[in-house]
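A short write-up of the structure that comes next.
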Amino acid sequence: MSILWAIIIGFLAGLIAKWITPGDNKPSGFILTTVLGIVGSVLATWLGQQIGWYAPGDGAGFIASIVGAVIILLIWGQLARRA
């Protein structure tokens, strides 16, 4: 059941991040949006653990997942602009 929740929360975080982030070069589709949110959550968890906000084994919350997905989208936009 936790995998299903990760997919649902990842999709919602990816949708909100795509809505917040400016620009046209965004990945589209259900699967890419879900992957964006899940990768954003993993990035937020890793950054939070490195900074000391989260203990080992703790995960990022919903807002942090959105912030992580926005960071991924900003990096995506910079890479797409160069190509």
Side-chain angles (χ1 to χ4, degrees):
M1 194 66 176
S2 65
I3 293 174
L4 182 63
W5 277 114
I7 291 170
I8 291 169
I9 297 299
F11 178 70
L12 292 174
L15 274 179
I16 294 171
K18 284 172 54 174
W19 181 64
I20 291 173
T21 309
D24 293 333
N25 292 330
K26 298 177 189 173
S28 61
F30 173 77
I31 293 176
L32 286 178
T33 302
T34 303
V35 169
L36 169 70
I38 292 172
V39 171
S41 180
V42 169
L43 175 68
T45 299
W46 181 80
L47 284 174
Q49 288 176 352
Q50 297 303 312
I51 294 172
W53 291 348
Y54 303 122
D58 287 346
F62 184 66
I63 301 296
S65 298
I66 294 170
V67 172
V70 167
I71 292 170
I72 297 293
L73 276 176
L74 292 174
I75 292 170
W76 178 283
Q78 291 298 320
L79 292 175
R81 188 178 307 163
R82 291 184 184 179

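Computed from heavy atoms alone, side chains included, the values below leave out hydrogens, waters and symmetry copies.
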(message) Testing the basics here: between Ala6 and Ile38, what is the closest heavy-atom pair and its distance to 0.1 Å?
(response) O-CG1, 3.7 Å
(message) Please give me the minimum heavy-atom distance between Ala44 and Ala60, naming the atom from each residue.
(response) CB-CB, 3.8 Å
(request) Might you point out which heavy atoms bring Ala64 and Tyr54 nearest each other, and give the distance in Å? (result) CB-OH, 3.5 Å
(request) Treat each ILVMFWY residue as a node, draw an edge where side-chain heavy atoms are under 4.5 Å apart, and state whether Ile51 and Val67 are in one component. (result) no
(message) Would you say that Trp76 contacts Thr21 through its side chain, given a criterion of any heavy-atom pair below 4.5 Å between the two side chains?
(response) no
(request) Verify, without hydrogens or angle tests, whether Ser65 (side chain) and Gly61 (backbone) share a donor-acceptor contact under 3.5 angstrom. (result) yes
(request) Find out if a path of hydrophobic residues (ILVMFWY) with successive side-chain heavy-atom gaps under 4.5 Å connects Leu15 to Ile31. (result) yes
(message) Going by side-chain hydrogen bond (donor to acceptor under 3.5 Å, both in side chains), name the residues that satisfy it together with Thr34, two or more places apart in sequence or in a different chain.
(response) none
(message) Please check if the number of heavy atoms outside Leu32 that lie under 6.0 Å from its CG is greater than 12.
(response) yes
(request) List in chain and number order the residues that pass ring pair (Phe, Tyr, Trp, His ring centres under 6.0 Å) with Phe11, two or more places apart in sequence or in another chain; answer none if no residue qualifies. (result) Phe30
(message) Working to the nearest 0.5 angstrom, can you tell me the gap between Leu36 CG and Lys18 NZ?
(response) 7.5 Å
(request) Could you tell me the separation between the CD1 atom of Ile75 and the CG atom of Leu79, rounded to the nearest 0.5 Å? (result) 7.5 Å
(request) Look at the side-chain heavy atoms of Ile, Leu, Val, Met, Phe, Trp and Tyr, link any pair under 4.5 Å apart, and say whether Val42 and Leu47 land in one connected group. (result) no
(request) Heavy atoms only: give me the nearest Gln49-Asp58 pair and the separation to one decimal. (result) NE2-O, 3.3 Å
(message) Taking Trp53 as the starting point, is it possible to reach Trp46 by hopping between hydrophobic residues whose side chains are less than 4.5 Å apart?
(response) no
